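Right, one structure below, let's go through it.
What you see is a predicted model, and the numbers here were worked out from it, not measured in a lab.
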Amino acid sequence: MTHASNPAPRAHAVVCARRIFYRPAAIVDDLIAAFAALPANDYPGSAAVAQACYERPIRMSGTRAVFGLRARHWPMLNLLDAAERDRRAFAAAMSGAVSAARGEPADDADGVA
């Protein structure tokens, strides 16, 4: 799913996702589609989107999807500082990409808990 109006946030999210996932474009597109399609009253907000995206690699670790993660993000290595930075950058980029897809101004999504 390419957003012709502003492809830059999606492209940035794919670049960030490439450090975590083997198929980054598919992950980014799935997450954008999941959040962008929500009605306004069901949309949880940019901070919640960032938190969900931050947790995505961790949640994948308990399934067969773990093989879609780069080695640094495997479950036993999830606490490494580099992996933490990758997940935070991905979460912020995804929040911006979802906001762009929804046609909303991007919030500061650096508040990942």
Side-chain angles (χ1 to χ4, degrees):
M1 169 191 321
T2 301
H3 304 284
S5 62
N6 191 0
R10 180 195 173 274
H12 178 62
V14 171
V15 168
C16 291
R18 189 169 287 127
R19 298 183 62 94
I20 301 172
F21 305 102
Y22 281 114
R23 296 183 58 222
I27 297 288
V28 168
D29 289 341
D30 287 349
L31 287 168
I32 289 173
F35 287 109
L38 292 174
N41 58 342
D42 291 336
Y43 181 63
S46 293
V49 169
Q51 186 66 37
C53 293
Y54 172 82
E55 293 173 355
R56 178 70 181 253
I58 298 166
R59 290 182 182 199
M60 289 173 65
S61 66
T63 67
R64 287 186 177 198
V66 70
F67 297 112
L69 295 173
R70 296 199 178 274
R72 178 168 42 198
H73 293 275
W74 287 351
M76 68 293 256
L77 302 176
N78 270 336
L79 299 177
L80 293 176
D81 288 344
E84 175 77 9
R85 282 191 304 273
D86 290 348
R87 287 195 309 275
R88 286 187 182 278
F90 172 66
M94 280 304 306
S95 178
V98 169
S99 292
R102 292 179 62 84
E104 299 174 350
D107 292 342
D108 180 19
D110 198 28
V112 174

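- Scanning for side chain to side chain donor-acceptor pair (under 3.5 Å) contacts around Arg64 gives an empty result, with sequence neighbours left out.
- Remark: Ala65 pairs with Met60, Thr63 by the side chain to side chain contact (heavy atoms under 4.5 Å, CB included) rule, at least two apart or across chains.
- Put simply, Leu38 and Val49 are part of the same group of oily side chains (I, L, V, M, F, W, Y) that touch within less than 4.5 Å, one to the next.
- Residue pairs meeting the ring pair (Phe, Tyr, Trp, His ring centres under 6.0 Å) criterion with at least one partner in residues 79-101, sequence neighbours excluded, are Phe21-Phe90.
- With sequence neighbours excluded, the residues satisfying salt bridge (Lys or Arg N to Asp or Glu O under 4.0 Å) with Arg102 are Glu104.
- For residues 15-27, the salt bridge (Lys or Arg N to Asp or Glu O under 4.0 Å) pairs, not counting sequence neighbours, are Arg19-Asp86.
- Using modelled atom types, one side-chain atom of Ser99 and one backbone atom of Ser95 make a donor-acceptor pair closer than 3.5 Å.
- Side-chain heavy atoms closer than 4.5 Å link hydrophobic residues (I, L, V, M, F, W, Y) into clusters, and following such links, possibly through other members, connects Trp74 to Ile20.
- Nearest heavy atom pair, residue Ala93 against residue Ala13, reads CB-CA, 3.7 Å.
- Tyr22 and Leu31 fall into different hydrophobic clusters, where Ile, Leu, Val, Met, Phe, Trp and Tyr are joined by side-chain heavy atoms under 4.5 Å apart, directly or via other members.
- Smallest separation of non-hydrogen atoms from Leu69 and Pro57: CD1-O, 3.5 Å.
- Nearest heavy-atom pair across Val14 and Ala25 is CG2-CA, 4.1 Å.
- Evaluation of the salt bridge (Lys or Arg N to Asp or Glu O under 4.0 Å) rule for Arg56 yields no partner, not counting sequence neighbours.
- Atom OH of Tyr54 is separated from atom CD of Glu84 by 3.0 Å, given to the nearest 0.5 angstrom.
- Heavy atoms only, all atoms of each residue included: Ala36 and Val98 are closest at N-CG1, 4.4 Å.
- Side-chain atoms of Met94 and Ile32, non-hydrogen and from C-beta on, do get closer than 4.5 Å to each other.
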